[in-house]
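In this chain, residues are counted from 1 in sequence order.
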Amino acid sequence: MRLTVLAGGIGGSTFLLGLLKARPDAEITVVGNTADDITLFGLRVCPDLDTVMYTLGGGISEERKWGREDETWVIKEELAAYGVEPTWFGLGDRDVATHLVRTQMLDAGYTLSAVTEALSTRWKLPVRLLPMSDDRIETHVVVDDPEQPGKRKAIHFQEYWVRYQAGIPAHQIVAVGQDKAKPAPGVLEAIADCDVLIVPPSNPVVSVGTILGVPGIRDAVRETQAPVIGLSPIIGTGPVRGMADKVLATVGVASTASAVARYYGSRTSGGVLDGWLIDSSDAIQADSIAGAGIHVQAVPLWMTDETKTAAMADAALTLAEAVRR
């Protein structure tokens, strides 16, 4: 079975662990979000790609679900002693090695795809990990300026997310460079040639949304012969993890499973979904989702361990077969 997954960071990588448990023999290609990428201290950092890589490679911090296990922070402390900004984003000592290698290779002329393949080799990943694009794309957020009341400014998504914890009013989300970007090699083929395309419970605006926003990718998803199955990142009125409700509000979407399904839209009406899994507690929303032309199934969606996450993956693939028929 050939499976393609459009993945953000923590939600996508956690789901992938369950998918691998459910289908250990599947050929899985992961298209990772790169619009969270940022250059810090002269190093190119790709948070979502690294989270997938560390998680599936067994190096992720189990407590934080990002960064490395057994991490130390000497470099961060030394940079702070020199007064180097930003102080709100710290790179662990083990993590720095990844960014050093990536930056050196990029500076030497390698593409991000080639760099990601090289880094993935060290971790012996059980999936093929592709960046959504080799071109530079960075998400910025237009916010009320905390330092100048009454004014607005655009800041990098990481500053909005990490420094301000999405706690300041946001008015617009812009993926800078996206309009001129191209899908990375292998991305369109992975979408066209898979048996099932899965949209895991990642942020629908700044993770999956930015992947779909790369010119050519949304059209490829609409045109693939494979069923496209998504899993809701919202249970009740809140995100499974993180602050997806904040960015959903910025684009005028309510924080509910039904609203997110409609935001993605049905492939029968120009959207990207054939099927949508919602949590059992949200079963009352099923009729609304079905009314939008999307097959829907209510199952437990809390990814509390690999066994439960594998059951979610099984449910997604079962729904795919129902859609196919």
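Side-chain polar atoms of Thr256 and Ser258 form no donor-acceptor pair below 3.5 angstrom.
Ion pairing between Asp93 and Lys76 fails under the 4.0 Å rule for side-chain N and carboxylate O.
Both Leu91 and Trp88 belong to a single network of hydrophobic side chains, linked directly or stepwise wherever heavy atoms of I, L, V, M, F, W or Y lie under 4.5 Å apart. The cluster map of Ile, Leu, Val, Met, Phe, Trp and Tyr, joined by side-chain heavy atoms under 4.5 Å apart, puts Val247 and Val142 in different clusters. Following chains of ILVMFWY side-chain contacts shorter than 4.5 Å, one can reach Tyr82 starting from Leu40, so the two form part of one hydrophobic cluster.
Minimum interatomic distance between Ala226 and Leu197 (heavy atoms only, all atoms of both residues): CB-N, 4.2 Å. Residue Thr4 comes nearest to Ala190 through the heavy atom pair OG1-O, 2.7 Å, listed as atom of the first residue, atom of the second, then distance. Between Gly216 and Leu188, the closest heavy-atom pair is O-CD2, 3.6 Å. Nearest approach of Trp73 to Gly90, heavy atoms of both residues: CZ3-O, 3.8 Å.
Listed by first and then second residue, the salt bridge (charged side-chain N to carboxylate O under 4.0 Å, His left out) pairs involving residues 260-284 are Arg267-Asp274 (not counting sequence neighbours). Within the structure, salt bridge (charged side-chain N to carboxylate O under 4.0 Å, His left out) contacts touching residues 98-121 (residues at least two apart or in different chains) are Asp50-Arg102. Pairs engaging residues 210-228 under the side chain to side chain donor-acceptor pair (under 3.5 Å) rule: Asn33-Thr210 [sequence neighbours left out].
You'll find the side chain of Asp95 reaches within 4.5 Å of the side chain of Tyr54, heavy atoms only. The side-chain heavy atoms of Thr116 and Leu130, taken from C-beta on, include no pair separated by under 4.5 Å.
For Tyr160, there are no ring pair (Phe, Tyr, Trp, His ring centres under 6.0 Å) partners at least two apart in sequence or on another chain. Under the side chain to side chain contact (heavy atoms under 4.5 Å, CB included) criterion, Glu306 pairs with Leu17, Lys21, not counting sequence neighbours.
When hydrophobic residues (I, L, V, M, F, W, Y) are linked wherever their side-chain heavy atoms come within less than 4.5 Å, the members clustered with Val174 are Val176.
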